[in-house]
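First the structure, in the form of structure tokens, and then the observations on it.
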Amino acid sequence: MSLDAAPSSHFIKEIILEDLKTGKYQGRVHTRFPPEPNGYLHIGHAKSICLNFGLAKEFGGLCNLRFDDTNPTKEEVEYVESIKEDVRWLGFSWDDREFYTSNYFKNLFDFAVQLIIKGKAYVCDLTADEVRAYRGTLTEPGKESPYRRRTVEENLDLFSRMRAGEFPEGSRTLRAKIDMAHPNINMRDPIMYRILKASHHRTGERWCIYPSYDYAHGQSDSLEGITHSICTLEFEDHRPLYDWFLDALGIHHPQQIEFARLNLTYTVMSKRKLLKLVQEGYVSGWDDPRMPTISGLRRRGYTPEALRNFCERIGVAKSNSVVDIALLEHCLREDLNRRAQRVMAVLRPLKVVIDNYPAALVEELPAVNNPEDRSRGTRNVPFSKILYIEKDDFREDPPKKFYRLAPGREVRLRYGYFITCVGVIKDEKTGEIRELHCTYDPETRGGDSPDGRKVKATLHWVSAAQAVEAEIRLFDHLFLKPVPEDVEEGDFTQVLNPNSLVTLTGCKIEPGLAKAEPGMLFQFERQGYFSLDPVVSREGRQAFNRSVPLKDSWAKIEKSKKE
RNA sequence: UGGGGUGUCGUCAAGCGGUAAGACACGGGUCUUUGGAACCCGCAUUCGGAGGUUCGAAUCCUCCCACCCCAGCCA
């Protein structure tokens, strides 16, 4: 059984298969992942990464990593580094094909000169406001710029002076000469170059004119020999323009294919919204474990395998959709179930004294490391007279279907003994349960009863004397609503989940966990999957993040009883 | 009222004229030293709507409806 879902077919593969059959690109498949280094990658990007790198791999082709850095006012090296780390972590390699649109600034400039010579581009002196006014509206055609009829010579001269820095920022642009009455607004003489006196993170002060996305993207694809240029739906309207430049230049012509971006329930996905959460302090940073960023998911304890599997399962299509976050969680559980080391940890400790257990005795009892993989063997956990169990595992007045510990009831301590509750000690004033007194059956060592006696529940526990204390962070959905943007008033911050992070201190964990390190995958039995938080943890004060809880059918019963 | 898209189960999503895959979710059950996992069963007589073509339509045609994207010198 392989963890990765069988690659499913989708419309992009069909297009590629067809192109392969007809020999459209001499049997080549070459894709690219083109992030703009102006923010951190999120799970929506993961979909695109898996698609582009996955397609290349499946068809024996290549996928380039290309930073689309045409806007120096928004881009930074910090983002470049984080993007590379995230793509690598996801399990993909671009070898030496790390490119930057800024590598092509000279090529793009030369292409622009060619277009000017062909009479297909001109320097326009209209201001930004005027350009907008001249563009017309969705339903009305635009007007031609008064500068549209400049001669080739004049355009050439002006364009080279734009490059030389002779004109102030925003004073002129280079525009494609297409059709101001075109029903597609993108075709109404789009801007190819703007003057930006900004320092670029790669080219420094070398340029003061920068190409627009529309002008740069197709030509960059062409220069790299890309065959299939995959992007999201909102660029569908730009495809005629993408094609227009390539045709006008008569160079290698990749085909642009659009697919629907990923949306997930109970979270937001746009860089703008994510940035707002970070900047306004709703989360601790881009890598907050509640964020849908790749760095956040990684810190939370997600695995690349789970993410890749998820991306495979959601499919690739063109309809706007919102994927249930339960599928993401399912993919994580599925992966972690096979891999995670089982361990016992008590999140909300309740003291238990085993009355008939020798006070001085400490036994080392073997516990299975992973029932899904017996080759992982066993470890020993200490058992003694004073233990902690989970508060939730005891009810003085147990409701129907509650199988756990209650007065007079016998349950099993996992890998330990059968115990029976014989006493409850409460705080005189508050009535709060302070500790439980139990007796154990020495014959049930390890958790088996020689007489075949059954018990309805098995509890996890930790021996008090040997327990290590830790902080445990429980995460829930960041938002209360499946679609956070769907609010009557205000914005998505109105429906932030106040309980998306619950920090528990004084948790009692199995002594072996003291050696836990970030990146190690654990299942705290009967609770969920956890891993050490690499940021918050400190020497002597470990903090574990709950990556995802285990399915809990008891919680479901309780919930349905309340409703 | 311009242009470009999309509409198949609660949510994704196959389907490409031969009689509605699969997954998640949900419900029920078996098993269980995790109320986990695993396993079994159930879950769209119907494909946005209405007509039409055809022996046969989710698939073809016509009209209609709904939703998404576009008027950055952002990508």
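Side-chain atoms are counted along with the backbone in the values below, which use heavy atoms only and exclude waters and symmetry mates. Numbered from 1 within each chain, the chains take letters A, B, ... in sequence-line order.
Remark: B/C67 base-pairs with B/G5. Criterion, Watson-Crick or G-U wobble with two distances under 3.5 Å. Look at B/C60: its Watson-Crick or wobble partner, with both distances under 3.5 angstrom, is B/G52. Pairing partner, B/A38: B/U30, with both Watson-Crick or wobble hydrogen-bond distances short of 3.5 Å.
Between A/Tyr100 and A/Phe67, the gap from one ring centroid to the other is short of 6.0 Å.
Using atom C1' as the reference point in both B/G28 and B/G52, the two lie 45 Å apart (nearest Å).
Side chain A/Gln527 to base B/U34: no donor-acceptor pair is found below 3.5 Å. Residue side chain A/Glu236 does not reach the base of B/G3 through any donor-acceptor N/O pair under 3.5 Å, judged by distance alone.
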Across nucleotides 68-75 of chain B, 5' to 3', mark each nucleotide with B, S or - according to how protein heavy atoms within less than 4.0 Å reach it. SBBBSBSB

Annotated protein contacts, base or backbone, on nucleotides 22-30 of chain B with a non-hydrogen cut-off under 4.0 Å, one of B, S, - each: -SSSSS---

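In this structure, A/Glu485 pairs ionically with A/Lys273, as a charged nitrogen and a carboxylate oxygen lie closer than 4.0 Å.
Residue A/Arg261 qualifies as open at atom CZ: its count of foreign heavy atoms under 6.0 Å is 12 or below.
Side-chain nitrogen and oxygen atoms of A/Thr265 include none within less than 4.0 Å of the OP1 or OP2 phosphate oxygen of B/U11.
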